[in-house]
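Each remark here refers to the structure printed beneath this line.
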Amino acid sequence: MCIQRDPQKAQEGIDNSLLDYDSSKTSITVSVAGAYLALIPVASKICAKGSLAERMLVPAFRLGCNVFLGQSGSDSDPREGMRLLVFATGFSALIAYAITPALSVCGQSMIGKGYKNKEPRSGKLNLKGKARRLVSTHENLLETFPVLAIAAAFSAALAPPTSTSDPLLTRILLHVFLKSFIYIPAYVFNVDLLRTASHNLAIGSAVGAVWEVLARL
């Protein structure tokens, strides 16, 4: 498939993507909502009990938890699922409110007059290319973290995981993994298809977690 380069985008320094299209706001809204809803059952399948996602994500987050907290955990501990849930949520908050802000400042410093602490948001105006993507990465994490926070709060309050093999816990871990380790590098280095896929699956996983909590009541 040959992608025609849009003259206006070329002038602005923006590459075309397979997912570019011109349509009405209504069509775009329906398409985005449909993508999120369609990925809820996909995330459910990926996060099923005993799945590859569970076998990879639980040990990885346990290792991170052990390193950060200096405490070891095991599957035999009934509190381990809750421990990983809290750690994953806290780690995601760290990424959203500490790591990506640094990326945003770097992006603002790349172009124009750089970052001005007395006018901290003025540097976001008229950014393009990697500088814009660094800022947008932070903005997106701020937009999506509340979805994870709601899913984690619902899970902790209404359906706390009693083991590390709980699919509800795996959904939370999958969201954090995708947004922290796949989405951010894909956005910064402009791998747009991977960025979009990881974002949509992460949101579908978090929304599906809320759905599953409600189904258990």
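Note that the structure is predicted; figures quoted are calculated from it, not measured. Start at 1 with the first residue, then count along the sequence.
- Cluster annotation: I150 and L214 are assigned to the same hydrophobic cluster (Ile/Leu/Val/Met/Phe/Trp/Tyr, side-chain heavy-atom contacts under 4.5 Å, transitive).
- Applying the salt bridge (charged side-chain N to carboxylate O under 4.0 Å, His left out) test to pairs two or more places apart or on separate chains, those with a residue in residues 81-105 are E80-R83.
- When the shell of 6.0 Å around CZ of F68 is examined, it contains 12 or fewer heavy atoms from other residues, nucleotides or ligands.
- The two atoms that bring A151 and A209 nearest to each other are CB-CB, 4.1 Å, heavy atoms only.
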Would you give me the side-chain donor-acceptor pairs under 3.5 Å for residues 156-163, sequence neighbours excluded?
unit_1: S163; atom_1: OG; unit_2: S165; atom_2: N; d: 3.4
unit_1: S163; atom_1: OG; unit_2: S165; atom_2: OG; d: 3.0

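- Taking 4.5 Å as the limit, every side-chain heavy atom of V176 sits out of range of all side-chain heavy atoms of L57.
- One hydrophobic cluster, built from ILVMFWY side chains closer than 4.5 Å, holds both V58 and I182.
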> Does the side-chain contact (heavy atoms from CB on, under 4.5 Å) test come out yes or no for N200 and I203, once each step is laid out?
Replying inline: CA-CA 5 Å; N200 287 354; I203 296 299; 5.9 Å; no

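- Counting only distance, with no hydrogens or angles, the side chain of S44 and the backbone of I40 share no donor-acceptor pair below 3.5 Å.
- Once rounded to the nearest 0.5 Å, the distance linking OG of S92 with CG of L173 reads 11.0 Å.
- Formation of a donor-acceptor pair under 3.5 Å by the T196 side chain with backbone atoms of L193 is not found in this model.
- Contact of the K130 side chain with the F189 side chain is registered, since non-hydrogen atoms from C-beta on lie closer than 4.5 Å.
- Remark: E212 engages R171, R216 in a salt bridge (charged side-chain N to carboxylate O under 4.0 Å, His left out) (not counting sequence neighbours).
- No side-chain heavy atom of E139 sits under 4.5 Å from any side-chain heavy atom of L142.
- In this structure, L85 is a member of the same hydrophobic cluster as I46, with clusters built from ILVMFWY side-chain heavy atoms closer than 4.5 Å.
- Closest approach of V147 to A206, counting heavy atoms only: CG1-CB, 3.7 Å.
- To the nearest 0.5 Å, atoms CD1 (I184) and NZ (K179) are separated by 8.0 Å.
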> Which is it for L84 and I172 under the side-chain contact (heavy atoms from CB on, under 4.5 Å) test, yes or no, and what are the steps along the way?
Replying inline: CA-CA 10 Å; L84 294 182; I172 300 295; over 6 Å; no

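- V135 is not listed as a side-chain neighbour of V105, based on a closest heavy-atom distance of 4.5 Å or more.
- When hydrophobic clusters are built by joining Ile, Leu, Val, Met, Phe, Trp and Tyr residues whose side-chain heavy atoms come closer than 4.5 Å, directly or via intermediates, I99 is grouped together with V188.
- Of all heavy-atom pairs spanning C47 and P167, the tightest one is O-CB, 3.3 Å.
- Here the side chains of L134 and S104 are not in contact, with every heavy-atom distance at 4.5 Å or above.
- Side chains of L141 and Y97 form no contact here, defined as non-hydrogen atoms less than 4.5 Å apart.
- In this structure, S205 contributes its side chain and A202 its backbone to no donor-acceptor pair below 3.5 Å.
- Pairs of residues two or more places apart, or lying in two chains, never qualify as salt bridge (charged side-chain N to carboxylate O under 4.0 Å, His left out) while including a residue from residues 85-105.
- The shortest side-chain heavy-atom distance between R133 and N190 falls under the 4.5 Å cut-off.
- Atom CG of N66 sits about 6.5 Å away from atom CG of L63, to the nearest 0.5 Å.
- Considering only heavy atoms from C-beta on, T170 stays 4.5 Å or farther from K49 through its side chain.
- Smallest separation of non-hydrogen atoms from L169 and G81: CD1-O, 3.7 Å.
- In the hydrophobic clustering of ILVMFWY residues, with side-chain heavy atoms under 4.5 Å counting as a link, F91 and L168 come out apart.
- Ring pair F87/F61 is perpendicular by interplanar angle, where above 60° counts as perpendicular and below 30° as parallel.
- Expressed to the nearest 0.5 Å, how far CG of L94 lies from OG1 of T89 amounts to 12.5 Å.
- The closest side-chain donor-acceptor pair between H138 and T100 falls under 3.5 angstrom.
- Separation of atoms OG1 (T164) and CD (E54) is listed at 6.5 Å; rounding is to 0.5 Å.
- To the nearest 0.5 angstrom, L178 atom CG is 11.0 Å from T144 atom OG1.
- The side chain to side chain contact (heavy atoms under 4.5 Å, CB included) check on V86 picks up M82, with sequence neighbours excluded.
- Among residue pairs with one or both ends in residues 197-217, those qualifying as ring pair (Phe, Tyr, Trp, His ring centres under 6.0 Å) are Y36-H199, Y183-H199; sequence neighbours excluded.
- Annotation for G107 and L127: closest pair O-CD2, 4.2 Å, computed over non-hydrogen atoms.
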